[in-house]
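So the structure is just underneath, and the comments pick up after that.
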Protein chains: 2
Amino acid sequence: MTTSCRNCPLRRRALFDPIESDELDFMQRFKSGELSVDADTLLMMEGSNSPQLFTVLSGMGLRYKTLPNGRRQVVNFVFPGDFLGLQAGVMNEMKHSVEATTSMTLCVFNRSELWNLFKNHPGRAYDLVWLASLEEHFLGDALTAVGQRDALERISWSFHRIYIRMTELGLVTGQGCQLPYRQQDLADALGLSLVHTNKTLKKLRDMQVASWNEGRLTVSDLDRLAELAMVDDHHVETRPLI
Amino acid sequence: MTTSCRNCPLRRRALFDPIESDELDFMQRFKSGELSVDADTLLMMEGSNSPQLFTVLSGMGLRYKTLPNGRRQVVNFVFPGDFLGLQAGVMNEMKHSVEATTSMTLCVFNRSELWNLFKNHPGRAYDLVWLASLEEHFLGDALTAVGQRDALERISWSFHRIYIRMTELGLVTGQGCQLPYRQQDLADALGLSLVHTNKTLKKLRDMQVASWNEGRLTVSDLDRLAELAMVDDHHVETRPLI
DNA sequence: TGTTGCTATGTCATAGTTTAATGCGTGATT
DNA sequence: AATCACGCATTAAACTATGACATAGCAACA
């Protein structure tokens, strides 16, 4: 039994822009089904095409690139509301892989319907550009983090970013949220070694700012975390949900 | 006297996708003028809005972000054919600054016309998503370079990337091309210190692979450069020109 | 009870940073 | 035309944040 777009639990969140009723009907027709996958499933592979586009309904994942020498760059963590496969949608080739970290449920759209979207639903096309721009913005920030911040700042930055996003999704309970990744994933996202990531996490824990144990991130001092992360822009922006 | 879209010197390059005649007419109407700026002009500022969108006709520039502590991340080098201001176009705010490094000429489009583009020219809207995806792809690659490669590999990667792009633009003469940036710009792009960038450039020069002097990049061994950069994908992709 | 995957921690090595000093060309000032 | 100031490239030396290697603990699982 699939979720109808009209009752989409994500869309209730203030994080996502409201949408007009007739557009919602279109989204419903655009949606070709729902997919549930187990943890560790490879959803899309770098270099290959993808006949489908997804919106994440629940669960978490990873986007990453692999280098010829075997090193891996985690490009992004994937959360509910994220749209997957746009690159393949327009360029016919994924430039990174996407993997499920937990079990996930995904809204499935047919790539062949994409042109119809552009032709008859300019508002949705606009939203796609918006989403792509958001991604561009995020990657610019990530590049800045890896290029200009030291280890403690980088980890603080990523925790802050994740915590804010999880808050917007209503997934924060108490002072924390689930964060089901391995330390190696975070290390690969931030361009740090596993060992140094571990040591820096300990430092952050000892400083009583944030701790990450058994798949749960706990933030005890958000202001201090933001300060360490050198983020001053706490501005929450809404985003489209496709 | 402005260049007409029909005679656009860029569009002749095989790098850019061909476009249909009536769409070209629309582009001509969409274009509100042409702008020439001196070197070191700030074109867009991080955090502010921009009423205009640009396509670079000639000249080179930089996109960058600044951190509260004063450090700077160069997010991208700007070359002819690049489209500027899409972020502000959809999100009402630039997330990075754009600066002219040399004098530049720019095609100017009116942001207020953007909605018309989406509504009546789905092909152009599709191109915008394409361009945004290209940018996302580039930033993912850059993140991978900064996160996973050492100094020599990073510089090789950036030189390779630049050299290929300049080749596609027809701006390579002999074995080299103009590259009018400072070492500090490259350092800020790659997350390296100026001093180490300088030392690594010397190394690359001593290895007889590539040298960068007086604003000119010379590549004497492209294969070796690609090898050092760990790029195997020499595949040249065409892109839309807006 | 061994194996596997992940976290944790100590020690040592090193790639890269910081600071500082030098030189060189260019444009401004007298 | 001489001098100065400034921006940029270059190089050397001292320092340090981070990486590499090694080892151990612990939980899940066959």
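All chains are named by letter (A, B, ...) in the order of the sequence lines, taking the proteins before the strands, and each is independently numbered beginning at 1.
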Length of the line joining B:Asn213:CG and D:dA9:C1', which is rounded to integer Å
10 Å
Between B:Trp212 and A:Ala151, the residue closer to the 5' end of DNA chain D by nearest nucleotide is B:Trp212
Between residues 179-201 of chain B and DNA chain C, which residues have a heavy-atom gap below 4.0 Å?
B:Gly191, B:Leu192, B:Ser193, B:Val195, B:His196, B:Lys199
B:His137 and A:Lys65, any side-chain heavy atoms less than 4.5 Å apart:
yes
Take atom CG of A:Asp206 and atom P of C:dT9, then tell me their distance rounded to the nearest Å.
8 Å
Hey, mind stepping through B:Asp206 and B:Lys202 against salt bridge (Lys or Arg N to Asp or Glu O under 4.0 Å) and telling me if it holds?
CA-CA 6 Å; B:Asp206 290 347; B:Lys202 175 174 165 55; 3.4 Å; yes
Strictly distance-based, threshold 3.5 Å: is any side-chain N or O of A:Glu34 a donor or acceptor partner for the main-chain N or O of A:Thr3?
yes
Report the distance from atom CD of A:Gln148 to atom P of C:dG16, rounded to the nearest whole Å.
15 Å
Separation of B:Lys202 atom NZ from D:dA12 atom C1', in whole Å?
13 Å
Would you say the ring centers of A:Phe77 and A:Tyr181 fall short of 6.0 Å from each other?
yes
Round to the nearest Å and state the distance from B:Arg71 atom CZ to C:dT17 atom P.
8 Å
Taking only residues two or more places apart in sequence, or in another chain, which ones meet B:Arg239 in a salt bridge (charged side-chain N to carboxylate O under 4.0 Å, His left out)?
B:Asp82
Which residues pass the side chain to side chain donor-acceptor pair (under 3.5 Å) test with A:Asn198, sequence neighbours left out?
A:Gln183
